[in-house]
Amino acid sequence: MTLLPHTVADTALTRLFTDDAMADRVSWFSLPGGQVLCEAGETADDLFFVRTGRLAAIRHDEGQEPQFLGVIRPGEPAGEMALIAGTPHSASVVAIRDSEILSLPRDDFFEAAEHDPALMIELAKLMLQRSRQTIGRNTVGDPSVFGFIGCSEDVATREFVERVGREIEALGYSVATAGEESLSAPTEWFSNVEQAHDFVLYAADYGQTAWKSLVSRQVDRLFRLGRGDAEPPQQADLFASRTLQELLVDLILIQPVGLSHPQGSEAWVDALMPARLFHVRDRSRTDLARIARTIAGLSVGLVLSGGGARAYAHVGAIRALREAGVPIDFLGGASMGSIVAAAVAMGWDDDEIDLRIKKAFVDTNPVDDIAFPLIAMTMGEKVRTRLREHFGDTQISDLWLPFFCVSSNLTSGAYQLHRRGSLRHALRASIAIPGLLPPVTQDNNVLVDGAVMKTFPADIMRSMHLGPIVGVDVTRGRNITADEVARPSSVWRWFLSGDWRKGPPIVSLLLRAATVTGGRDLAASRLATDVLVAPKVEAIEIRDWRAYDPAKQAGREAMLAALAGLTKPITDLRRRPSLVEQDRARGADLRLETLRDRSG
């Protein structure tokens, strides 16, 4: 008989793997942290069951970065969907921690299921739940155990972790923090403390080699902690596998008080290859609260679509969010949406965003440097100059907030994700409307406007954090009419009316063509959002760069209406219940069941 930890629930599946009658069919093996249990594309010959440890489900889509689907905990199966469907595994499963796995051959499982229908019912419920989570870009099990490892002697890791813990407690969760004093604790201690708290935070200072090694094998997600004003380590430990490193190991850089802008972060990214990078001003409670929200799954991601001049609506939507006190923790966008998202990530307030957007795009047409159309209608120099003027040589890794934008890679036929490197170069690629602006070349790849392949990249944002996503989409509804592409009856009247400043009607065609994304892709992106805001901008011509005020007002009104329709704060839309709340719910269910029994 296979013994399971007392923390594993008694279910039909656990009884299957502990049944004496199945002892000669169930295999047991250990899976060290970082090792692969099964690869995507492999035949599903066995049903796996996690006895101890934790696994990560990871999907690899062609031409895209690996996507972390979630955590598989003790008492949960792995590979059940492919096994039941008789198809190859759709995702890879890797051990996050040193794990113990039980496996049962496919034929033996189906034989057992014939005698115990509860097995198939239980698995069907689990598969349905996981399918819904995947469609909505939820993770299959939220991480709850986090490690923090100092990168140098001058980082007070334990103090930092305790302060983050207090911020998580302020969100209504129970938190345990532990340091090197737990190095000699028995295995049961770790299991018990994790069962008794919503979140567990392990802190390891730079010189605590043995404890660092243990922490790296004991957590769902790992943070490295360094000082942004120092050089990165010459040699960094690679925790677990490279795949897990790039998906589950983040970097927090503590920045000096009073610093206007981080610098030199690209060297840290080169050295440590983090999945995500966070900047925290030294002893800033605001920034610590952002880390706490990220850990608790309450961080807010904001995604802004492309849409030409209609994307000015994003500015008004952001102002409404800030007025309502909604935090913005992650930012992403496509085309003109990427410009506005970058402005927020730079740390600009509403007035500065107004000033810079108007100066760059409203006061004079950014795309009227007409060229002989060998590659594009314009030379693109005005856009390039304005991006340099406002964003300078800023690197994406030096932005205060995590940021991404997308362009469309015509060489590979897939979208290009920009999460590091020169900010203005990434933005220039993201707004390179084919035929209107010259494309951007990068490593022999031809990049054009991100909206060509992914005008509303909310699904990418879903892979970056657990919390709610607010999306502002200005591509919905009527976008272009016959009047807007009609040939001017008189070129002279066209000039005298001032309409020439918008560009010729072909600009509308090019802009609209660049923002038509496939229905299935757009539906998936919209499904990934928790609050979808669609400003009423149909009356604004897509190339009318002077229509700043009406578009901005439309964005503000749409966001205010969306916020008014919510029954809870945005940060709570994906809130996981605390252990206390779960106990209350179970107590309420038990009382209700008792009342029903009595009434019956």
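Heavy-atom basis, side chains included; hydrogens, waters and symmetry copies ignored. All residue numbers in this chain count up from 1 along the given sequence. What you are looking at is a predicted structure, and each value in this text was computed from that prediction instead of being measured.
Between the side chain of Ser430 and the backbone N or O of Val406 there is at least one donor-acceptor pair closer than 3.5 Å. Using a distance-only test at 3.5 Å, with no hydrogens or angles considered, a donor-acceptor pair links the side chain of Arg386 to the main chain of Ala360. Side-chain atoms of Asn409 never come within 3.5 Å of backbone atoms of Ala414 as a donor-acceptor pair (strictly under, hydrogens ignored). Without hydrogens or angle criteria, Glu557 side chain to Ala554 main chain gives no donor-acceptor distance under 3.5 Å. Put simply, the side chain of His314 gets close to the backbone of Ser305: a donor and an acceptor are under 3.5 Å apart. Side-chain atoms of Asp530 do not come within 3.5 Å of backbone N or O of Leu573 as any donor-acceptor pair. Proximity of a side-chain donor or acceptor of Asp443 to a complementary backbone N or O of Asn445 within less than 3.5 Å is not detected. Proximity of a side-chain donor or acceptor of Thr441 to a complementary backbone N or O of Asn444 within less than 3.5 Å is not detected. A side-chain donor-acceptor contact under 3.5 Å links Ser463 to the backbone of Ile460. One N or O on the side chain of Arg221 and one on the backbone of Leu247 form a donor-acceptor pair closer than 3.5 Å.
Taking the side chain as every heavy atom from C-beta outward, Phe404 and Met461 approach each other to under 4.5 Å. Between Pro274 and Val249 there is no side-chain heavy-atom pair separated by less than 4.5 Å. At a threshold of 4.5 Å between non-hydrogen side-chain atoms, the residues Phe146 and Asp220 do not count as touching. Side-chain atoms of Tyr312 and Trp545, non-hydrogen and from C-beta on, do get closer than 4.5 Å to each other. A 4.5 Å side-chain heavy-atom check between Pro402 and Asp329 finds every atom pair outside the cut-off.
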Task: Verdict with reasoning, Leu253 to Val280, per side-chain contact (heavy atoms from CB on, under 4.5 Å) - done: CA-CA 6 Å; Leu253 291 180; Val280 174; over 6 Å; no
Task: Stepwise side-chain contact (heavy atoms from CB on, under 4.5 Å) check, Val383 with Ile431 - done: CA-CA 9 Å; Val383 170; Ile431 62 172; 3.5 Å; yes
Task: salt bridge (charged side-chain N to carboxylate O under 4.0 Å, His left out) evaluation trace for Arg556 with Glu323 - done: CA-CA 10 Å; Arg556 184 173 183 275; Glu323 289 173 351; 2.9 Å; yes
TODO: Show the numbers, then the answer: is there a salt bridge (charged side-chain N to carboxylate O under 4.0 Å, His left out) between Arg424 and Asp393?
DONE: CA-CA 7 Å; Arg424 61 184 169 89; Asp393 294 323; 3.0 Å; yes
TODO: Apply side-chain contact (heavy atoms from CB on, under 4.5 Å) to Leu277 and Val269, showing your working.
DONE: CA-CA 8 Å; Leu277 170 61; Val269 173; 4.1 Å; yes
Task: Stepwise side-chain contact (heavy atoms from CB on, under 4.5 Å) test for Arg576 and Ser144 - done: CA-CA 11 Å; Arg576 70 176 85 171; Ser144 59; 4.0 Å; yes
- [ ] Show the numbers, then the answer: is there a ring pair (Phe, Tyr, Trp, His ring centres under 6.0 Å) between Phe391 and Trp348?
- [x] CA-CA 11 Å; Phe391 296 104; Trp348 297 343; 5.4 Å; yes
Open item on the list: Assess the residue pair Arg319 and Asp354 against the criterion (salt bridge (charged side-chain N to carboxylate O under 4.0 Å, His left out)); give the C-alpha distance rounded to whole Å, side-chain angles, the decisive distance to 0.1 Å, and a yes or no.
Closed with: CA-CA 10 Å; Arg319 182 178 287 269; Asp354 265 339; 3.0 Å; yes
- [ ] Would you check, one step at a time, whether the test salt bridge (charged side-chain N to carboxylate O under 4.0 Å, His left out) holds for Asp459 with Arg462?
- [x] CA-CA 5 Å; Asp459 53 339; Arg462 174 52 57 215; over 6 Å; no
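For the residue pair His279 and Gln255, a side-chain donor N or O sits within less than 3.5 Å of a side-chain acceptor on the partner. At a cut-off of 3.5 Å, with distance as the only test, a side-chain donor of Ser397 or Glu266 sits close to an acceptor on the other residue. Of the N and O atoms on the side chains of Ser407 and His418, at least one donor lies less than 3.5 Å from an acceptor on the other residue.
Using a 4.0 Å cut-off between a side-chain N of Lys or Arg and a carboxylate O of Asp or Glu, Asp549 and Lys552 do not qualify as a salt bridge. Here Asp250 pairs with Arg276 in a salt bridge; the nearest charged N to carboxylate O distance falls below 4.0 Å. A salt bridge between Arg310 and Glu538 is absent, with no side-chain N of the basic residue lying under 4.0 Å from a carboxylate O of the acidic one. At a threshold of 4.0 Å, the pair Lys359-Glu389 counts as salt-bridged, since one of the basic side-chain nitrogens sits closer than that to a carboxylate oxygen.
With rounding to the nearest 0.5 angstrom, the OG atom of Ser422 is 9.5 Å from the CD atom of Gln442. To the nearest 0.5 Å, atom CG of residue Leu532 and atom CD1 of residue Ile469 are 11.5 Å apart. Note that OG of Ser408 and CD1 of Ile433 are 11.5 Å apart. Values are rounded to the nearest 0.5 Å. Note that CE of Met346 and CG of Leu399 are 6.5 Å apart. Values are rounded to the nearest 0.5 Å. With values rounded to the nearest 0.5 angstrom, Ile357 atom CD1 is found 10.5 Å from Glu352 atom CD. Taking CG of Asp350 as the start and CG of Leu355 as the end, the distance is 12.5 Å to the nearest 0.5 Å.
In this structure, the ring of Phe278 has its center no less than 6.0 angstrom from the ring center of Trp268.
No more than 12 heavy atoms of other residues, nucleotides or ligands sit less than 6.0 Å from atom NZ of Lys536.
Partner of Leu331 under the side-chain contact (heavy atoms from CB on, under 4.5 Å) criterion, chosen from Val300, Val344, Ile318: Val344.
Cation-pi geometry between Arg290 and Trp400 is not met at under 6.0 angstrom from the ring centre and within 45 degrees of the axis.
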